[in-house]
Amino acid sequence: MSYSTKERACSDLAKPPVNEPREAEQFLMQTPQGNPLLLSHTLQELLSKDSVQVELIPEKKGLFLKHVEYEVSSKRFKCSVYRRYNDFVVFHEMLLHKFPYRMVPALPPKRVLGADREFIESRRRALKRFINLVARHPPFSEDVLLKLFLSFSGSDVQNKLRELVQGVGDEFVTCRLATQAKDFLPADIQAQFAASRELIRNIYNSFYKLRDRAERIASRAIDNASDLLIFGKELSALGSDTTPLPSWAALNNNTWGTLKQALKGLSVEFALLADKAVQQGKQEENDVVEKLNLFLDLLQSYKDLCERHEKGVLHKHQRALHKYSMMKKQMMSATVQNKEPESVEQLESRIVEQENAIITMELRNYFSLYCLHQETQLIHIYLPLTSHILGAFVNSQIQGHKEMSKVWNELKPKLSCLFVGSSSMPTPPLSPPEGNFFSN
């Protein structure tokens, strides 16, 4: 399909019908009948919602700087669009605006100057993790924001995203169950929240360490490949040496010539060993390290959500209560001092407004806890990803060692060539002699 054809298809897909109801208003998380608080998703259901690829496209030179662009391809929408980092930033901002009580994964940092290839590749991977977590999150996956971001191919995607949110309230305003959230929450929700937060903090710390070790293992495989390649090249260089043999060593001339010829041929096997080691390292980076990073991104978004709850709606609620208390004191003081009726009425009006604000804050607080409860469930739905990661790690190790063992075994018979030419020189032992070489 040509780009223009693809562009038209994507544009048609991204256009919402006139008077289309907002998805957040009509969509509820998939829940068992009875209590809408409980989720019934499985990990496989979440993973199958979409698979989004994010690939670098050739750099375009701007007036002053080179701009990095990405091709974002959605399996669900059967569409590819081009996005810049700033497009992701606006999309992220709109998600936070519309879903302040949900896990919105963080974006990788922006780096204007000195962005090397390693940084650009690392950011591409992080953007891919971000968009896949968003595309598989139940409320986000059904929202028009995601649909537009993954399918709109026009040049003004940032403005289109802002237009979708402009004049529309957040999820508390659009969700029809928001004001009833308290009715679905368990009585000990605060204790459950504290326990869940502590558990997920511990899980995050452990997975952070696992990710670091996995990175080191993958890095060692790649370093091992480099060492094997250099080792083979040095053997080849030794075998290709053209320095004339001194006359006093002529007695062993045949031995050195045979030895050089054998050494020269060994570089092929060492190059193959290096290639196998690189493949294993890359596979572990993609199948183990990246999956660990994906889960860490999800856990971090939960930690960020908990902070938003405490520093946001909970803090605002406490401030509103404090302000209300101060107004009540002023009212009592005004009554005692027999102030003008007009000033007393104004104070009464402000108190009523503050009471309404407190009620709204209380409802928002309960809705925030309602969402936190569901987001906690999502974390636990993702936990079986651990078995996928461990399986990928074990399979990588088995496959890598199996393939390298085959090459080592093929290399072994060639070593006999190193011992041809001297009748007094024994063949190399297949295993070390009994006892320790360094024993007394």
Side-chain angles (χ1 to χ4, degrees), residues 24 29 35-39 89 91-109 130 133-134 137-140 143 165 169-175 177-208 294-327 353-383:
M29 278 192 175
N35 190 349
L37 180 66
L38 305 178
L39 307 184
V89 171
F91 178 55
H92 182 265
E93 290 173 353
M94 296 305 102
L95 281 175
L96 275 175
H97 178 84
K98 198 169 184 180
F99 298 98
Y101 310 122
R102 300 290 182 183
M103 293 186 296
V104 180
L107 286 175
F130 162 80
L133 285 173
V134 170
H137 188 284
F140 303 162
D143 193 80
V165 174
D170 61 19
E171 191 182 9
F172 173 77
V173 176
T174 58
C175 178
L177 291 180
T179 56
Q180 306 168 43
K182 182 181 179 180
D183 300 336
F184 302 108
L185 292 173
D188 60 342
I189 182 62
Q190 295 291 354
Q192 286 193 30
F193 167 57
S196 296
R197 190 176 186 181
E198 180 66 21
L199 172 63
I200 290 173
R201 184 187 293 115
N202 294 337
I203 292 174
Y204 176 89
N205 292 336
S206 292
F207 269 85
Y208 188 90
L294 178 83
F295 193 50
L296 280 172
D297 289 349
L298 183 70
L299 293 171
Q300 182 61 52
S301 68
Y302 182 87
K303 292 171 65 180
D304 294 342
L305 176 61
C306 291
E307 287 189 13
R308 286 204 303 276
H309 171 74
E310 289 193 336
K311 295 180 180 179
V313 63
L314 195 59
H315 182 62
K316 288 179 181 178
H317 186 207
Q318 290 171 347
R319 283 195 304 174
L321 286 173
H322 176 71
K323 187 175 179 181
Y324 177 72
S325 175
M326 296 297 294
M327 286 182 176
E353 289 178 3
Q354 191 62 20
E355 287 174 343
N356 291 334
I358 289 172
I359 292 172
T360 301
M361 284 295 126
E362 286 178 345
L363 292 174
R364 279 189 174 273
N365 182 49
Y366 284 119
F367 183 67
S368 179
L369 288 169
Y370 176 94
C371 294
L372 263 169
H373 196 295
Q374 291 190 328
E375 301 302 277
T376 304
Q377 293 175 63
L378 277 180
I379 293 288
H380 286 273
I381 291 172
Y382 265 97
L383 277 174

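It should be emphasised that the depicted structure is a prediction, and the values quoted were computed from it without experimental measurement.
A side-chain donor-acceptor contact under 3.5 Å links Q374 to the backbone of P36. In terms of modelled atom types and a separation under 3.5 Å, the side chain of S368 and the main chain of R364 share no donor-acceptor contact.
Among residues two or more places apart in sequence or in another chain, the side chain to side chain donor-acceptor pair (under 3.5 Å) test is passed with Y366 by none. Partners of D183 by side chain to side chain donor-acceptor pair (under 3.5 Å), not counting sequence neighbours: none found. For the side chain to side chain contact (heavy atoms under 4.5 Å, CB included) test, residues two or more places apart in sequence or in another chain that qualify with L294 are R129, L133, L385. For the side chain to side chain contact (heavy atoms under 4.5 Å, CB included) test, residues two or more places apart in sequence or in another chain that qualify with I189 are L185, P186, L369, H373. Scored by the ring pair (Phe, Tyr, Trp, His ring centres under 6.0 Å) test, Y382 finds no partners at all (sequence neighbours excluded). Annotation: side chain to side chain donor-acceptor pair (under 3.5 Å) contacts of E93 (sequence neighbours excluded): none. Looking at residues two or more places apart in sequence or on another chain, you find a side chain to side chain contact (heavy atoms under 4.5 Å, CB included) between L107 and Y85, F88, V89, H92, L127, F130. For N202, the side chain to side chain donor-acceptor pair (under 3.5 Å) test picks out no residue, with sequence neighbours left out. Taking L363 as the reference, F172, T179, I359 meet the side chain to side chain contact (heavy atoms under 4.5 Å, CB included) condition, with sequence neighbours excluded.
Side-chain contact between L383 and F295 is present, with at least one heavy-atom pair separated by less than 4.5 Å. Inter-residue side-chain proximity for Y302 and L378 is flagged as unmet; no heavy-atom pair is nearer than 4.5 Å. Within the 4.5 Å cutoff, side-chain heavy atoms of I379 are placed close to those of M103. Between N205 and R201, the closest side-chain pair of non-hydrogen atoms falls below 4.5 Å.
Of all heavy-atom pairs spanning L305 and Y101, the tightest one is CD1-C, 3.4 Å. Nearest heavy atom pair, residue C306 against residue R197, reads CB-NE, 3.5 Å. Annotation for F184 and L37: closest pair O-CD2, 3.3 Å, computed over non-hydrogen atoms. Minimum interatomic distance between F140 and V134 (heavy atoms only, all atoms of both residues): CB-O, 3.3 Å. Minimum interatomic distance between S301 and P105 (heavy atoms only, all atoms of both residues): CB-CA, 3.8 Å. Taking both residues in full, the closest heavy atoms of Y208 and L296 are given as N-CD2, 3.6 Å, listed atom of the first, atom of the second, then distance.
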Could you please spell out the steps behind the side-chain contact (heavy atoms from CB on, under 4.5 Å) verdict for R308 and L96?
CA-CA 11 Å; R308 286 204 303 276; L96 275 175; 3.7 Å; yes
Full working for side-chain contact (heavy atoms from CB on, under 4.5 Å) between L39 and H380
CA-CA 11 Å; L39 307 184; H380 286 273; over 6 Å; no
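For the pair D143 and R102, the salt-bridge criterion is not met [side-chain N within less than 4.0 Å of a carboxylate O].
Note that the CG atom of N365 and the NZ atom of K182 stand 10.0 Å from one another [nearest 0.5 Å].
Taking the six-membered ring for Trp, H309 and F193 have ring centres closer than 6.0 Å.
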